Amino acid sequence: MRNILIIGATSAIAEATARRFAAAGARFYLVGRNAEKLAAIARDLEIRSGQPVHSESLDLDLLDQHPALVERATHALGGIDIALIAHGTLPDQAACQQSVERTLAAIHSNALSAISLATLLGNAFEARGGGALVVIGSVAGDRGRQSNYIYGAAKGMVGLFLQGLRNRLSGKGVQVITVKPGFVDTPMTAAFEKKGLLWAQPDRIARGIVAAVDRRRAVVYLPWFWRWIMAVIVHIPEKLFKRLKL
């Protein structure tokens, strides 16, 4: 039986992932901003797992609250086996371009908050001698594109941080997994036209996350074909790339 901390538990991907872990009887500590939705997810997981589910509502932008959060979750579960960091926002690129304040707020929510939590959880797993830290990044972090470079910059920062953390903890029995989804049909992407083979449902991403933990993967693109799409985009020469409308 696994003890799992999910931060950003009300996100569509996190909820789908929790349901897959619940089928194996996992125990959960859920954290999210929306208390009503969080309570509904907790009730559902209790039924699916047959285990009590702990939850709390918290504004994850409050970095000074993170140490106590990790302590509460550890105490409630009696230890954490897997931590999934899945919170974040999709900022308005056009609005951020005109506002330093909006830009920094987006980076705070999508990068600094995740890095704060990853630092605390990585240290806790190191002290324990094991555990799996799973963080939702994005293919957007692989190369800056004019359509979403502020969100991409935040995700790129998280990805680079996790590379170093993974390198540091590789000999300590700690998994550090970077998950890079492509286009996913979630409430966060509600404004997008969701057509074509590139779009995936949250449960497909969840299946990939569970497999990544079980197979001890390091970096996973979900669905798998995004690895090759981004390999092409990353290797486009800058002289040509800056002319593209991406």
Side-chain angles (χ1 to χ4, degrees), residues 2-9 11-14 16-18 20-21 24 26 66 70 73 79-88 107 110-145 151-184 186 198 200 202-235:
R2 289 162 158 170
N3 294 333
I4 303 176
L5 167 64
I6 301 183
I7 299 170
S11 78
I13 292 174
T17 304
R20 286 190 166 268
F21 280 124
H66 291 179
V70 173
I80 301 169
D81 299 311
I82 301 170
L84 171 61
I85 299 176
H87 68 290
I107 291 174
N110 291 293
L112 300 184
S113 179
I115 287 171
S116 168
L117 289 161
T119 298
L120 294 167
L121 289 163
N123 290 345
F125 285 146
E126 181 181 21
R128 182 185 176 189
L133 173 62
V134 186
V135 184
I136 305 289
S138 172
V139 297
D142 283 11
R143 190 165 192 177
R145 293 171 290 130
Y151 178 73
K155 292 299 186 179
M157 185 189 301
V158 171
L160 190 61
F161 177 87
L162 293 175
Q163 285 180 19
L165 186 63
R166 182 163 46 246
N167 183 240
R168 178 190 133 204
L169 298 178
S170 63
K172 305 296 179 63
V174 181
Q175 292 176 259
V176 178
I177 302 171
T178 307
V179 178
K180 296 186 177 184
F183 299 140
V184 186
T186 69
L198 295 182
D203 188 62
R204 185 173 183 183
I205 309 303
R207 184 169 66 246
I209 291 172
V210 174
V213 174
D214 291 340
R215 297 171 185 171
R216 302 188 66 83
R217 299 287 299 278
V219 179
V220 289
Y221 288 79
L222 298 173
W224 61 268
F225 53 76
W226 279 99
R227 177 181 296 276
W228 307 112
I229 292 173
M230 296 313 300
V232 171
I233 291 176
V234 165
H235 286 93

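Computed from a prediction, not measured in an experiment: that's the story for all the values here. For this chain, numbers begin at 1 and follow the sequence in order. Side chains are part of it too, since the values below use all heavy atoms of this structure and drop only hydrogens, waters and symmetry mates.
You'll find the side chain of Leu133 reaches within 4.5 Å of the side chain of Ile85, heavy atoms only. Side-chain contact between Phe21 and Ile82: present, with at least one pair of heavy atoms (C-beta onward) separated by less than 4.5 Å. Contact check for Val139 versus Ile229: no side-chain heavy atoms found under the 4.5 Å cut-off. In this structure, the side chains of Pro181 and Ile136 come closer than 4.5 Å at one or more pairs of heavy atoms.
Not one N or O on the side chain of Arg2 forms a donor-acceptor pair closer than 3.5 Å with the backbone of Ala26. Without hydrogens or angle criteria, Asp81 side chain to Asn3 main chain gives a donor-acceptor distance under 3.5 Å.
Ala206 approaches Ala16 most closely through the heavy-atom pair CB-C, 3.5 Å. When every heavy atom of Ala86 is checked against every heavy atom of Ser11, the shortest pair comes out as O-OG, 3.8 Å. Smallest separation of non-hydrogen atoms from Ala111 and Ala154: CB-O, 3.6 Å. For the pair Thr178 and Arg166, the tightest heavy-atom approach, listed with the atom from each and the gap, is OG1-NH1, 3.2 Å. Of all heavy-atom pairs between Ala200 and Ile205, the closest is CB-CD1, 4.2 Å. Among all heavy-atom pairs drawn from Gly79 and Arg128, the shortest one is C-NH1, 4.3 Å.
With rounding to the nearest 0.5 angstrom, the CD1 atom of Ile177 is 10.5 Å from the CG atom of Leu162. Taken from CG in Leu169 to CG in Asn123, the straight-line distance is 7.5 Å, to the nearest 0.5 Å. Here the CD1-NE2 distance, from Ile7 to His87, works out to 7.0 Å after rounding to the nearest 0.5 Å. We find the CD-CZ distance between Gln175 and Phe125 to be 9.5 Å, quoted to the nearest 0.5 Å. For the atom pair CG (Leu120) and NE2 (His66), the distance works out to 8.0 Å, reported to the nearest 0.5 Å. Between the CG atom in Leu84 and the CD1 atom in Ile4 there is a gap of 8.5 Å [rounded to 0.5 Å].
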Derivation of the side chain to side chain contact (heavy atoms under 4.5 Å, CB included) call for Leu112 and Met157: CA-CA 9 Å; Leu112 300 184; Met157 185 189 301; 4.2 Å; yes
Chi angles and distances behind the side chain to side chain contact (heavy atoms under 4.5 Å, CB included) call for Arg20, Asp203: CA-CA 9 Å; Arg20 286 190 166 268; Asp203 188 62; 2.9 Å; yes
Criterion side chain to side chain contact (heavy atoms under 4.5 Å, CB included) on Met230 and Lys180, from CA distance to verdict: CA-CA 10 Å; Met230 296 313 300; Lys180 296 186 177 184; over 6 Å; no
Side chain to side chain contact (heavy atoms under 4.5 Å, CB included) between Leu165 and Thr119, intermediate numbers included: CA-CA 8 Å; Leu165 186 63; Thr119 298; over 6 Å; no
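Val134 pairs in a side-chain contact (heavy atoms from CB on, under 4.5 Å) with only one of the listed residues (Val220, Leu121, Val179), which is Val179.
Among residues two or more places apart in sequence or in another chain, the ring-ring contact (aromatic ring centres under 6.0 Å, His included) test is passed with Phe225 by none.
Between Trp226 and Phe183, the ring center distance clears the sub-6.0 Å criterion.
Using a cut-off of 4.0 Å between Lys/Arg side-chain N and Asp/Glu carboxylate O, Asp142 and Arg227 are scored as not salt-bridged.
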